[in-house]
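Protein chains get the first letters and strands the later ones, always in sequence-line order, with residue 1 at the start of each.
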2 protein chains.
Amino acid sequence: MSELSRAERRQRTERRILDTARELFAQRGFERTTIRAVAQAAEVDPALVMQYYGSKQRLFDAAVRVAEPPAGEAGPEELIEELLGSLDVKLGELPPASLAMMRSMLTHPEAAASARGVLGRQIERVGRSLPGERARLRAALMTMIMLGVAVGHQLLELDELRDVPPEDIARLLRPCLQALSEG
Amino acid sequence: MSELSRAERRQRTERRILDTARELFAQRGFERTTIRAVAQAAEVDPALVMQYYGSKQRLFDAAVRVAEPPAGEAGPEELIEELLGSLDVKLGELPPASLAMMRSMLTHPEAAASARGVLGRQIERVGRSLPGERARLRAALMTMIMLGVAVGHQLLELDELRDVPPEDIARLLRPCLQALSEG
DNA sequence: TCGTTGAGTCAACGACTGTTGAGCGAAATG
DNA sequence: CATTTCGCTCAACAGTCGTTGACTCAACGA
């Protein structure tokens with residue numbers, strides 16, 4: 001039937017485990033996601049998950065590794081659009097890796113550290129290209145605004161934010177971010 | 001030595017267990033907080049916790065029961081000040097029951113439901129006294145802004161928000177909320 | 001003073017968890 | 001075809017958890 005070399009099958013299995021884990025971590029968090037559940041959803045023996053990823057924590061690390069935006073400089077207006085677009089709203093859905101990290105960041109220490117890292121870098125990036133005083137603090141508030149909306153929208157799934165076109169949210173949020181962007 | 005009636009000691013023990021549980025739930029979340037840990041911190045046998053509260057879930061329910069603001073009507077400016085004040089920033093610290101609920105709201109289904117309830121009522125309250133179109137959506141965004149800042153400040157403990165006088169945060173956030181409050 | 005109540009403890013059960021080492025069987029290699 | 005490699009499974013261990021029932025003993029009421 002399927003003409004797959006051993007190496008190919010092996011890579012496919014490993015990736016299937018990783019994708020399944022990401023999804024489960026994203027929707028249940030670290031503690032409620034068991035190796036056994038990942039294995040079952042990936043149609044694999046639990047021991048295989050361990051063999052490939054070493055431990056549940058390392059599986060989680062691999063699952064939440066997230067691509068960060070390029071390090072180039074940008075003006076405040078572009079950064080606002082980047083915030084509105086990349087962090088959450090415009091696409092209507094965050095990448096599963098980000099969701100997985102966010103889901104566990106309040107209850108799993110390692111996820112919290114990871115989130116602090118990502119958010120810290122974004123704050124620094126935004127703050128560096130912000131004019132006026134207290135740039136870092138204002139950048140932090142801008143970032144937390146986006147985080148709050150993302151949490152309510154994608155993790156808590158509040159009725160009031162459901163089925164709202166991302167454009168509408170972006171349009172309402174823009175003045176808030178601009179107010180913080182200017183002194 | 002201590003002149004305490006049996007009923008008094010009993011009430012005191014029960015309350016000590018509840019306070020301890022609240023604190024542990026607030027700083028570790030539902031899953032990482034064990035009945036055994038609560039019992040040890042309260043200097044009591046784990047079985048006693050069960051005897052008083054029935055189950056871990058019911059202990060959690062009792063621990064996160066939070067006082068909601070009175071139902072009276074208010075104008076937009078007052079509501080902004082109430083948001084800035086009560087939800088988190090002005091006092092510099094949220095009540096432990098709120099922290100406990102927030103800590104677990106992304107990973108524990110019952111905590112999520114509880115959070116949706118509290119946030120939903122606040123959104124409705126704010127939205128009802130907001131002029132213009134899309135009042136509920138704008139109220140939801142205002143609420144999520146406060147939630148995001150509270151999360152970053154009190155749960156993630158971001159460096160950029162640490163040791164910042166709550167007044168400063170409130171002053172920077174006010175224009176954001178006003179932008180959403182007006183059409 | 002004596003029997004009763006009830007606050008609190010002790011030891012254990014059963015379920016579930018992450019993790020491990022031995023082993024199977026098919027694909028790769030010669 | 002014979003042998004080795006290795007993807008994968010099976011069964012089990014050790015620990016932790018929520019939860020329970022029997023028990024202890026000091027405070028209480030008559």
Consider the side chain of A/Arg6, meaning its heavy atoms from C-beta on, and name the nucleotide among C/dA28, D/dA26, D/dC17 that approaches it most closely.
C/dA28
Sugar-phosphate only, base, or nothing, as touched by A/Tyr53 at under 4.0 Å among non-hydrogen atoms:
nothing
Atom CZ of A/Phe30 and atom P of C/dT17: how far apart are they, to the nearest Å?
13 Å
Nucleotide D/dC6, atom C1' - distance to CD of A/Glu14 in whole Å:
14 Å
Counting just side-chain N and O atoms, does A/Thr13 come under 4.0 Å of either OP1 or OP2 of D/dC8?
yes
When you get a sec, tell me which of D/dG18, D/dC8, C/dG8 is the closest nucleotide to the side chain of B/Arg9?
C/dG8
When you match A/Ala7 and A/Met50 each to their closest nucleotide on DNA chain C, which lands nearer the 5' end?
A/Met50
In Watson-Crick or G-U wobble terms, with both distances under 3.5 Å, the base opposite C/dA7 is D/dT24
Presence of A/Ser5 side-chain N/O under 4.0 Å of C/dA27 phosphate oxygens OP1/OP2:
no
Rounded interatomic separation in angstrom, taking CZ from A/Arg36 and P from D/dA11
13 Å
Among C/dT17, C/dC10, D/dC17, which nucleotide has an atom closest to any side-chain atom of B/Thr34?
D/dC17
Look at A/Tyr52 and D/dC8 and indicate whether a side-chain polar atom (N or O) is within less than 4.0 Å of OP1 or OP2.
yes
What is the distance from atom CG of B/Leu94 to atom CG of B/Leu155, rounded to the nearest 0.5 Å?
8.0 Å
Roughly how far, to the nearest 0.5 Å, is CE of A/Met142 from CG of B/Leu172?
11.5 Å
Could you tell me how far apart A/Ile17 (CD1) and D/dC8 (P) are, to the nearest whole angstrom?
8 Å
Can you tell me the distance, in whole Å, between the CG atom of B/Leu59 and the P atom of D/dC17?
15 Å
C/dT17 P sits how many Å from A/Arg28 CZ, rounded?
11 Å
Whether the side chain of A/Tyr53 engages the backbone of A/Asp61 through a donor-acceptor N/O pair (distance < 3.5 Å, no angle test) should be reported.
no
Nearest-angstrom distance from the residue atom CG of B/Asp45 to P of D/dT20
14 Å
Regarding A/Arg10, tell me which of base, sugar-phosphate or nothing describes its non-hydrogen contacts under 4.0 Å with the strands shown.
sugar-phosphate
Grouping I, L, V, M, F, W and Y whenever their side-chain heavy atoms are under 4.5 Å apart, do B/Leu137 and A/Leu84 come out in a common cluster?
yes
From the set C/dT5, D/dT19, C/dG8, return the single nucleotide nearest to any side-chain atom of B/Leu48.
C/dG8
From CD of B/Gln51 across to P of D/dG18 the rounded distance in Å is 17 Å
Reported NE2-to-CE distance for the pair B/His153 and A/Met144, which is rounded to 0.5 angstrom
10.5 Å
